[in-house]
Amino acid sequence: MSAELDMSQYVDLFLQEADEQIEILERETLKLEEDPTSERLQVIFRAAHTLKGSSRAMGFSGMAELTHEMENVLDQLREGHLQVTTEIADALLQCQDDLRQMVVSIGEGNGDQADCSALVAQLQGFINGGATPAPSAESTAPSASKDEDLALCPDLVETLQQAAEQAPIRQLRVTVNSECVMKFARAYMVTGVLTEVAELLATVPSVEDLEEEKFNQQFLALFQGGPSDEELLTQLKGISEIDSLVLTPWSAQATPELTVVANEPSEAKEATPASPTAPTAPAAPASKSPAAENNGAKQSASTTGQTVRVDVTRLDALMNLIGELVIDRTRIAQIGSDLGSKFNDPNIDALEETVSHIARITSDLQDQIMKARMMPIETVFNRFPRVVRDLAQKLGKDVKLELVGGETELDRSVIEVIGDPLLHILRNSVDHGLESPETREEVGKPRQGRVLVRAYHQDNHIVIEIRDDGRGIDAEKIRKKAVEKELLTKDQADRLTDREALQYIFSSGFSTAAEVSEVSGRGVGMDIVRSNIQRLGGLIDLETEVGKGSRFVLRLPLTLAIIRGLLTRVGEQVIVLPLGSVVETLLVEVDSIQTVNRNEVIVLRGQTLPLVRLNDMFDIQSREDSTEDGQYVVVVGLAERRIGLAVDGLIGEKEVVIKSLSRFCGDVPGISGATILGDGNVALIADVNGIVLKESA
Amino acid sequence: MRGPLPTIIYAGECRITEMSQDAIAGQEIEASEAKVQHAEDRQTVVFRLSGESYGIDIFRVNEIIRMRDITPIPRTEAHIRGLVNLRGKTIPVVDLRIRMGLEVVAETESSRIIVVDSEEGQVGIMVDAVNEVVTLDGQQIEPTPALANDDQTEYVEAVAKREAELVTLLNLDSALAA
């Protein structure tokens, strides 16, 4: 009967909300220093306030206390009694760290354990040190005595009028206690009771607004049917933190006389006899008012974005099913064309038509699911400002971070793994790339260093660019270092082009920073970054100009689930080469294959490419006739490196669904996965990046 | 997705022999101390490998499928025969004959792949034929005798005597372990 909230089932929801609010806090606080507008303060204040409300409701008092103090400080800032200083921003960010920790600890079931007394004291210090004696949040709250003007919009009045023809409508004006921290919960309880015993038609403001606490202290609930006034009021009086409940019959013309009641026991008067409601009431709940419901739906559409939270595992399962569908679609198409070549029957034409329709639908379906799995890269970018800010402060640098293209979407499988590599490059740029403000001034650059992170789509890829205007990377230094680290001989190093030399920063055990700092430069970074990116089927490239800055360019596939592949024949087997790595295909004369140091090579437009025979590599018997009319070679590339892969034949280009090799098989060199072809057979996908790296090293 | 009991797809020639407890009790009554530790009934899938009978616990079996094209995976151990398409999933298939040093006989109409759950996901086991599902009484099961073929010993859990034949009960986990 009572709308009691079972807290445990709300923990997940709470944590999710807390994460979102903390993210907002952090994002906006970081912008605050540069741009302390009152709107921004308002946003931060609201986030802190929401957190306070929900943490208090969940009984996490430590969190509530901390957010309360944040709120006080923010209120002072908002009122202009305090100015935004670095100390305050630092303290606020520290609060967010502590809040994050609490959220983690709550998520692990340990409650909001964290000692933030020092932080609380610091926050209180800001206020006490502030110019004016604090007019606390409570005192600014409007007094509850006067009725707020809660007007019904004309649409609502109209629908209510229609509904009133069926059964009389009553109106309940609820005043929530001004000290109440969880007004939405009280409102929820009131509407909960009304929905249970009567038919709730509408609230002013709307239910959604109530849930988001978009109301002051009063709200109206309009309902039909239900028990008598007295009975209803008795039930509602059980809800705490409600100052008064006023029940009146509703009519469109005017706000009628009060029917009563304040929650103060002394004043508790009973409802005036009045109202024809009582007798007709019990019958009413049966008669639903579609108009009112429609109206409700319309309202919700306009107030909240139409989104649903979906568990990612469900999306993954859907994606798998689509994968199977794609396979079957290809299979049916193949059977259709096989039949078409054997028989001449109008039904076969119809079949082909249907197949092509199915093909269109499945590919639309695939697109839609892919889109549903897409997330803006913003979710990764959002971590950056904080990291850069802290880093810059620690290193005594002045850094302006620009993030462009945060709305660029890519598959969540890629999002999940791309964060750390990007962060690493970013750290390197700030730590090693940018000079100290003094050095910058000396060389005639602005004191403030610039780091730009930009994401955009290109073909079927996403490109992420990290650019700084720092000192750049000296290829000569890299050569020296590579020789020092015995990765190269002096002779080899000298023969490298600058561009080739630069690739050595991606080797393990390589760090050009003169001294190893805490931030980066333990020499275990860039090689891991590169191998992570290559595992995703991506490329990383580096351009740099000494004195001007460096630019890292990452090229990543939009998804890891489906790729376009070039189907090749090796012996009797089909091997898929990811099209992203394929540069070109050739048919070369067998005689033109030369050997250097007993390794086969081909010469293509003056460039010598190592030739790798896939059938040797994979121990597959070649068909005897395969070299009769020349050798098929697929030139594949990774960054600057190119090698030729000799195959027995080219089959065509196809979209394939990637299946991982079973863990049972372990890591198989040269193979990155498997896929199912249109004929139902399994084909292997070659790990072209891995092969190129190994063969061209 | 899948119910608690395994789905078994039988080819025509297979039959299920559910032996009642009484029937089995009639055959072998002498219970020795050594047998007590095995004293529970087990439903066992019995299959043929190179002319011998082997058994695995029915609860490990997901399904039994007909032989189909296997795509070899290069540079893997010899007993991993390759990948097959199981309704849109790719699963690896192992050949226990190679693993246990048995003679590999050619595929026939009765060759099957038994799909089992392993720690590394689903795995198919190539067998020459699937005979039947039997309920083995604890009293029929004896600990492993010393086998002539050492390659086998580590994969064998116990031996069951059934009428005229011996069924080698495999320890699936060690047979499939890397």
For this session: Could you check if a side-chain atom of B/Thr90 sits within less than 4.5 angstrom of a side-chain atom of A/Ile676, using non-hydrogen atoms only?
Result: yes
Problem set entry | Close side-chain approach of B/Leu83 to A/Leu661, heavy-atom, < 4.5 Å | yes
Exercise. Who wins among A/Leu321, A/Asp619, A/Val668 for the most heavy-atom pairs under 4.5 Å with chain B?
Worked result: A/Val668
For this session: Please list, in residue-number order, every residue in residues 68-75 of chain B that has a heavy atom less than 4.5 Å from any heavy atom of chain A; write 'none' if there are none.
Result: B/Asp69, B/Thr71, B/Pro72, B/Ile73, B/Pro74, B/Arg75
For this session: Please say which of A/Leu677, A/Asn681, A/Val682, A/Thr675 ends up in a side chain to side chain contact (heavy atoms under 4.5 Å, CB included) with B/Asn85.
Result: A/Val682
Problem set entry | Among B/Gln122, B/Glu120, B/Glu119, the one residue meeting side chain to side chain contact (heavy atoms under 4.5 Å, CB included) with A/Phe664 | B/Glu120
Problem set entry | A/Ile620, part contacting chain B, at a heavy-atom distance under 4.5 Å | neither
Problem set entry | Side chain / backbone / both / neither for B/Val84 at chain A, heavy atoms under 4.5 Å | backbone
